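What follows is a single structure, written as structure tokens, with notes after it.
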Amino acid sequence: QVQLVESGGGLVQAGGSLRLSCAASGRTFSSWDRNWYRQVPGKEREFVAGISWSGGVPYYQDFVKGRFTISRDNAKDTVYLQMNSLKPEDTAIYYCNARNRAGSSFGDYWGQGTQVTVSS
């Protein structure tokens, strides 16, 4: 079974930090683009950060403003999201994504999500 499993979520006070991890099993995603999305109740899922299969310059949603950093370790087939200076509005379920570099129609996988709660 192909799986992406997120970990590292939890409860943190505003201004604190968390590091999310996403491990893959069932196949390798070393040559796939990797992304993080998040979703809050009543809203659509939104893109947070992405990094290409080649490990080049990552792309961030504007609201990150330098607070989050995405990275990947292809040897471990794992992608990370370092989250600093967390705000209550960052509270959401965070989802790991693996997308075929040719486009989502060629392959698109999602994890179950991990809850991040930031208290004020």
Side-chain angles (χ1 to χ4, degrees):
Q1 183 180 1
V2 177
Q3 287 187 326
L4 297 173
V5 180
E6 302 94 337
S7 62
L11 176 64
V12 65
Q13 190 174 7
S17 298
L18 287 172
R19 190 175 81 154
L20 307 183
S21 300
C22 178
S25 63
R27 67 153 297 148
T28 179
F29 292 101
S30 297
S31 61
W32 292 47
D33 297 336
R34 305 299 298 274
N35 307 288
W36 288 95
Y37 288 74
R38 72 185 188 187
Q39 188 170 29
V40 300
K43 295 182 63 178
E44 296 181 348
R45 188 172 299 184
E46 63 181 354
F47 173 82
V48 176
I51 186 168
S52 74
W53 68 273
S54 63
V57 178
Y59 179 82
Y60 298 99
Q61 187 61 276
D62 289 341
F63 61 71
V64 172
K65 296 183 179 180
R67 298 183 298 121
F68 295 179
T69 302
I70 187 172
S71 61
R72 66 189 298 168
D73 185 343
N74 283 346
K76 298 180 179 179
D77 213 1
T78 301
V79 64
Y80 306 92
L81 185 67
Q82 179 66 47
M83 310 167 68
N84 298 326
S85 301
L86 284 163
K87 305 174 181 179
E89 51 262 45
D90 294 318
T91 296
I93 300 175
Y94 284 73
Y95 294 92
C96 174
N97 166 258
R99 183 166 295 140
N100 190 287
R101 64 187 182 184
S104 61
S105 63
F106 290 86
D108 203 42
Y109 290 90
W110 296 87
Q112 290 275 44
T114 185
Q115 177 70 48
V116 172
T117 302
V118 184
S119 62
S120 61

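Since the structure is predicted, the reported quantities are computational estimates derived from the model, not experimental observations.
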- Task: Run the numbers on F63 and E89 for side-chain contact (heavy atoms from CB on, under 4.5 Å), then give the verdict.
- Result: CA-CA 10 Å; F63 61 71; E89 51 262 45; over 6 Å; no
- Side-chain donor or acceptor of N97 paired with backbone N/O of Y109 under 3.5 Å: yes
- Message: According to side-chain hydrogen bond (donor to acceptor under 3.5 Å, both in side chains), who are the partners of N100, at least two apart in sequence or on a separate chain?
- Response: none
Side-chain atoms of residues 9-22: list all donor-acceptor pairs with protein atoms under 3.5 Å, sequence neighbours left out, distances to 0.1 Å.
from	atom 1	to	atom 2	distance (Å)
S17	OG	N84	OD1	2.9

- Item | Steps toward side-chain contact (heavy atoms from CB on, under 4.5 Å) verdict (T91, Q115) | CA-CA 8 Å; T91 296; Q115 177 70 48; 4.0 Å; yes
- Message: Taking D33 first and then R99, would you say they form a salt bridge - that is, a charged N and a carboxylate O separated by under 4.0 Å?
- Response: no
- Message: For S71, give me all partners under side chain to side chain contact (heavy atoms under 4.5 Å, CB included), at least two apart in sequence or on another chain.
- Response: Y80
- Query: Going from OG1 on T114 to CG on L81, what distance comes out if it is rounded to the nearest 0.5 angstrom?
  - Reply: 11.0 Å
- CH2 of W110 to CG of D108: how many Å apart, nearest 0.5 Å? 6.0 Å
- Only counting residues at least two apart or in another chain, list the ones meeting side chain to side chain contact (heavy atoms under 4.5 Å, CB included) with N74. S30, R72
- So how far is it from I93 CD1 to Q112 CD, rounded to the nearest 0.5 Å? 10.0 Å
- Closest non-hydrogen contact found for G111 with Y95 is O-CD2, 3.5 Å
- Does the gap between the ring centers of F68 and W36 come in under 6.0 Å? no
- Message: With side-chain contact (heavy atoms from CB on, under 4.5 Å) as the criterion, how do I70 and V79 come out once you've worked through the C-alpha distance, each side chain's angles and the decisive distance to 0.1 Å?
- Response: CA-CA 7 Å; I70 187 172; V79 64; 3.9 Å; yes
- Keeping to residues at least two apart or across chains, list the side chain to side chain donor-acceptor pair (under 3.5 Å) pairs with something in residues 39-57. R38-E46, S52-S54
- Rounded to the nearest 0.5 Å, the CG atom of L4 sits from the CZ atom of R34 at a distance of 5.5 Å
- Message: Using 0.5 Å steps for rounding, measure from the CZ atom of R67 to the OH atom of Y60.
- Response: 12.5 Å
- Item | Sequence-distant partners of Y59, side chain to side chain contact (heavy atoms under 4.5 Å, CB included), two or more places apart | F47
- Query: Taking all atoms of both residues into account, what is the closest heavy-atom pair of I51 and N35, and its distance?
  - Reply: N-OD1, 4.3 Å
- Nearest atoms (heavy-atom pairs only) where V118 meets D90: CG2-CB, 4.3 Å
